[in-house]
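Structure, as structure tokens:
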Amino acid sequence: MQSIKEFFTKMFVFSASATRKQFWVPYFGIIIITILMAYATGSTEYLRTEKFNLQLTGASITFGIYLLVVWLANFTLTARRLHDTNRSNWWIFIQLVPLIGAIWYLVLLLLPSKAETRWPKNQSEVH
């Protein structure tokens, strides 16, 4: 639960690092929470019918805001994970290279932590 709490509370922290555990635990936890949130707001129609029908209801707007917050928090968490491997957050854009970019990106996220980095503080140490 600490990792998921940090996922949301550290969503504007770029100048720190995140270990593999601090990245992957919230990553998979947020997937589960998002699926539950989609069902709770009735936003799963696309998954069932493969047709997108935009209806501006309170539930769909709530889900949209939730997705925006999760996207931003995930972006900054990914940047911190790359910092932990002593890489710039600009490496996020490697995903734009077709096929090989996605594989390379995954490998970067799976790499172990480096002892000496330009971002010595862990996200848990930042207030």
Side-chain angles (χ1 to χ4, degrees):
M1 288 308 289
Q2 179 67 24
S3 295
I4 296 206
K5 179 183 172 195
E6 284 183 354
F7 178 80
F8 289 109
T9 59
K10 308 291 183 177
M11 66 189 296
F12 297 109
V13 175
F14 278 96
S15 60
S17 61
T19 63
R20 282 189 282 193
K21 182 180 179 183
Q22 289 173 321
F23 178 82
W24 289 108
V25 169
Y27 183 86
F28 290 115
I30 291 301
I31 289 173
I32 293 167
I33 292 170
T34 301
I35 291 169
L36 294 174
M37 184 81 161
Y39 278 104
T41 60
S43 301
T44 59
E45 182 179 339
Y46 178 77
L47 298 176
R48 291 189 305 262
T49 64
E50 296 183 12
K51 293 180 184 175
F52 184 70
N53 186 9
L54 180 63
Q55 295 179 0
L56 292 178
T57 63
S60 66
I61 292 171
T62 300
F63 188 63
I65 292 169
Y66 166 79
L67 289 178
L68 183 63
V69 168
V70 166
W71 179 85
L72 178 61
N74 190 50
F75 181 79
T76 58
L77 179 62
T78 302
R80 291 191 303 270
R81 177 69 199 118
L82 290 170
H83 290 169
D84 194 51
T85 63
N86 204 27
R87 287 176 177 74
S88 168
N89 54 325
W90 289 100
W91 278 97
I92 291 173
F93 294 109
I94 194 69
Q95 300 174 78
L96 299 176
V97 176
L99 187 62
I100 194 75
I103 296 168
W104 194 343
Y105 177 71
L106 179 63
V107 168
L108 289 175
L109 295 177
L110 291 171
L111 288 174
S113 301
K114 297 251 177 146
E116 298 294 322
T117 68
R118 295 178 283 176
W119 302 273
K121 284 192 174 185
N122 185 280
Q123 70 183 16
S124 297
E125 300 168 356
V126 177
H127 299 288

Under 3.5 Å, is there a donor-acceptor pair between the Ser124 and Glu6 side chains? yes

Compute whether any side-chain donor of one residue and acceptor of the other, for Gln22 and Asp84, lie under 3.5 angstrom apart. no

Apply side chain to side chain contact (heavy atoms under 4.5 Å, CB included) to the pair Met11 and Val69, showing each step before the final yes or no. CA-CA 9 Å; Met11 66 189 296; Val69 168; 3.7 Å; yes

Beyond-backbone contact of Ser88 with Arg118, side-chain heavy atoms, under 4.5 angstrom: yes

Please walk me through it: do Glu116 and Asn86 pass side chain to side chain contact (heavy atoms under 4.5 Å, CB included)? CA-CA 8 Å; Glu116 298 294 322; Asn86 204 27; over 6 Å; no

For Thr76 and Lys10, run side chain to side chain contact (heavy atoms under 4.5 Å, CB included): C-alpha distance rounded to whole Å, both residues' side-chain angles, the deciding distance at 0.1 Å, then the answer. CA-CA 8 Å; Thr76 58; Lys10 308 291 183 177; over 6 Å; no

Less than 4.5 Å apart, any side-chain heavy atom of Ile4 and any of Ile33? yes

Any side-chain heavy-atom pair from Leu109 and Tyr27 closer than 4.5 angstrom? no

Quick check: is Trp90 connected to Phe14 through a chain of hydrophobic side chains (ILVMFWY, heavy atoms under 4.5 Å apart)? no

Under 6.0 Å from the CG atom of Leu99, do we count more than 12 heavy atoms belonging to anything else shown? no

Any side-chain heavy-atom pair of Phe63 and Thr34 under 4.5 Å: yes

Closest non-hydrogen contact found for Phe12 with Leu72 is CE2-CD2, 3.5 Å

Minimum heavy-atom distance Phe7-Val70, with the two atoms named: CZ-O, 3.8 Å

Nearest heavy-atom neighbours spanning Ala18 and Leu77: CB-CD1, 3.9 Å

Treat each ILVMFWY residue as a node, draw an edge where side-chain heavy atoms are under 4.5 Å apart, and state whether Ile30 and Ile32 are in one component. no

Calculate, to the nearest 0.5 Å, the distance between atoms CD1 and OH belonging to Ile94 and Tyr105 respectively. 11.5 Å

Are any of the side-chain heavy atoms of Arg81 and Arg20 separated by less than 4.5 Å? yes

Taking Val107 as the starting point, is it possible to reach Phe93 by hopping between hydrophobic residues whose side chains are less than 4.5 Å apart? no

Do Asn122 and Thr19 have side chains that get closer than 4.5 Å, going by heavy atoms? yes

Shortest non-hydrogen contact from Thr41 to Ser43? OG1-OG, 2.9 Å

Output the distance between atom CG (Leu110) and atom CG (Leu106), rounded to the nearest 0.5 Å. 4.5 Å

Are Leu111 and Ile103 connected in the hydrophobic side-chain network, where two residues link if heavy atoms are under 4.5 Å apart? no

Criterion side chain to side chain contact (heavy atoms under 4.5 Å, CB included) on Phe23 and Thr78, from CA distance to verdict: CA-CA 7 Å; Phe23 178 82; Thr78 302; 3.6 Å; yes

Any idea how Tyr66 and Phe8 line up, ring-wise: parallel (<30°), tilted (30 to 60°), or perpendicular (>60°)? tilted

Could you state the interatomic distance from OG (Ser3) to CD (Gln123), rounded to the nearest 0.5 Å? 7.5 Å

Give the cluster check for Leu108 versus Ile100: same hydrophobic cluster or not, with ILVMFWY residues linked at side-chain heavy-atom distances below 4.5 Å. yes

Here the gap from Lys121 atom NZ to Trp119 atom CH2, rounded to the nearest 0.5 Å, amounts to 15.5 Å

So Ile92 and Phe75, do their side chains get closer than 4.5 Å, heavy atoms only? yes

